[in-house]
Amino acid sequence: MKKKKILIVEDSWTTLISLKICLEFAGYDIYTAMDGEAGLKMARSLKPDLILLDIIMPKIDGFSVCQSLKFDKEYENIPVILLSVKNETKDKKVGREVGADAYLAKPFDAKVLISV
């Protein structure tokens, strides 16, 4: 069986590595980017099965990355889970408006992420 590809776009090295290790252990192929610009390019070339996307990042924020992908017919079906310390109702509303499939507030339990 082919492993599912997950792209993690996260500017915190600690969070990125923690997610990578956890998801690799769960059996996924993991790809990473540390800023929104690199994440958007990688998403377009890789076409992953899932994108875990931080909101507050250098170059391009996660809301913009999500919107660029979700409003493009070629990438709109790739699920995007936003990950952020921004946990206010208005942030979650913006997440829905840009097409995010889910929103997880940091910190979160890795088991919760895998279950989503």
Side-chain angles (χ1 to χ4, degrees):
M1 177 189 260
K2 184 180 168 189
K3 286 185 179 182
K4 298 281 186 178
K5 299 180 287 189
I6 297 177
L7 172 60
I8 303 169
V9 187
E10 169 65 61
D11 66 331
S12 163
W13 180 251
T14 306
T15 303
L16 181 74
I17 293 303
S18 297
L19 286 170
K20 184 177 187 317
I21 290 168
C22 177
L23 293 169
E24 282 176 338
F25 185 75
Y28 298 98
D29 280 338
I30 305 301
Y31 301 83
T32 63
M34 292 192 71
D35 66 65
E37 184 178 298
L40 186 56
K41 287 178 186 175
M42 189 172 282
R44 288 181 171 148
S45 65
L46 181 64
K47 291 189 181 172
D49 298 294
L50 173 68
I51 300 171
L52 301 177
L53 182 61
D54 188 19
I55 294 173
I56 304 169
M57 290 186 299
K59 298 187 180 177
I60 303 174
D61 67 66
F63 288 139
S64 299
V65 171
C66 184
Q67 186 171 25
S68 293
L69 294 169
K70 288 299 196 169
F71 290 82
D72 184 323
K73 292 285 184 200
E74 191 170 347
Y75 308 102
E76 68 184 359
N77 292 321
I78 299 172
V80 175
I81 298 175
L82 293 175
L83 310 173
S84 184
V85 296
K86 296 178 82 166
N87 194 23
E88 295 182 26
T89 303
K90 65 180 180 178
D91 300 311
K92 292 177 182 179
K93 182 177 184 253
V94 172
R96 286 190 302 277
E97 289 171 355
V98 298
D101 296 279
Y103 193 109
L104 282 178
K106 293 178 184 176
F108 53 85
D109 186 322
K111 291 176 189 170
V112 172
L113 176 63
I114 291 171
S115 73
V116 175

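Remember, it's a predicted structure, so these values are computed and weren't measured experimentally.
- The shortest side-chain heavy-atom distance between Ile78 and Leu69 does not fall under the 4.5 Å cut-off.
- Looking at heavy atoms from C-beta onward, Leu19 lies in side-chain contact with Leu83 at the 4.5 angstrom threshold.
- Hydrophobic clustering (ILVMFWY, side-chain heavy atoms < 4.5 Å, transitive): Val98 and Tyr75 are in one cluster.
- Remark: Lys5 pairs with no residue by the salt bridge (Lys or Arg N to Asp or Glu O under 4.0 Å) rule, at least two apart or across chains.
- In terms of the salt bridge (Lys or Arg N to Asp or Glu O under 4.0 Å) criterion, Lys92 has no residue partners (sequence neighbours excluded).
- Criterion: ILVMFWY side-chain heavy atoms under 4.5 Å apart, direct or through other members. Under it, Val94 and Leu53 are part of a common hydrophobic cluster.
- The two residues Cys66 and Gly99 have their closest heavy-atom pair at SG-C, 4.0 Å.
- Every residue meeting the side-chain contact (heavy atoms from CB on, under 4.5 Å) condition with Lys3, not counting sequence neighbours, appears here in chain and number order: Asp29.
- Using a 4.5 Å heavy-atom cutoff, the side chains of Ser84 and Asp91 are not in contact.
- Applying the salt bridge (Lys or Arg N to Asp or Glu O under 4.0 Å) test to Asp49 and every residue at least two apart in sequence or in another chain returns nothing.
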Show me, pair by pair, the donor-acceptor contacts under 3.5 angstrom made by side chains of residues 55-63, not counting sequence neighbours?
| from | atom 1 | to | atom 2 | distance (Å) |
| --- | --- | --- | --- | --- |
| Asp61 | OD1 | Phe63 | N | 2.9 |
| Asp61 | OD1 | Ser64 | N | 2.8 |
| Asp61 | OD1 | Ser64 | OG | 3.3 |
| Asp61 | OD2 | Ser64 | OG | 3.4 |

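- Residues Leu7 and Ile21 are members of separate hydrophobic clusters, defined by side-chain heavy-atom contacts under 4.5 angstrom among Ile, Leu, Val, Met, Phe, Trp and Tyr.
- Here the closest non-hydrogen pair linking Gly95 and Leu82 is CA-CD1, 3.6 Å.
- Here the CG-CG distance, from Asp72 to Asn77, works out to 11.0 Å after rounding to the nearest 0.5 Å.
- Taking the side chain to side chain donor-acceptor pair (under 3.5 Å) definition, one finds that Glu76 meets it with nothing, sequence neighbours left out.
- The side chain to side chain donor-acceptor pair (under 3.5 Å) search around Lys93 returns Glu97, not counting sequence neighbours.
- The NZ atom of Lys20 sits 14.5 Å away from atom CZ of Phe25, with the distance rounded to the nearest 0.5 Å.
- Hydrophobic cluster membership is shared by Leu104 and Ile6, with clusters built from Ile, Leu, Val, Met, Phe, Trp and Tyr side chains linked at under 4.5 angstrom.
- In the hydrophobic cluster analysis, where Ile, Leu, Val, Met, Phe, Trp and Tyr join through side-chain heavy atoms closer than 4.5 angstrom, Ile30 is grouped together with Met34.
- Residues passing the side chain to side chain donor-acceptor pair (under 3.5 Å) test with Asp101 are Lys70, sequence neighbours excluded.
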Let me check something: any side-chain donor-acceptor pairs from residues 40-48 under 3.5 Å, sequence neighbours excluded? List them with distances.
| from | atom 1 | to | atom 2 | distance (Å) |
| --- | --- | --- | --- | --- |
| Ser45 | OG | Lys41 | O | 3.3 |
| Ser45 | OG | Met42 | O | 3.2 |
| Lys47 | NZ | Glu74 | OE2 | 2.7 |

Could you go through residues 8-17 and list every donor-acceptor pair under 3.5 Å that involves a side-chain atom there, pairing it with any protein atom two or more places apart or in another chain?
| from | atom 1 | to | atom 2 | distance (Å) |
| --- | --- | --- | --- | --- |
| Glu10 | OE1 | Lys106 | NZ | 2.7 |
| Glu10 | OE2 | Ser12 | N | 3.0 |
| Glu10 | OE2 | Lys106 | NZ | 3.2 |
| Ser12 | OG | Thr15 | N | 3.3 |
| Ser12 | OG | Thr15 | OG1 | 3.2 |

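- Side-chain contact check for Leu52 versus Leu23: some heavy-atom pair is nearer than 4.5 Å.
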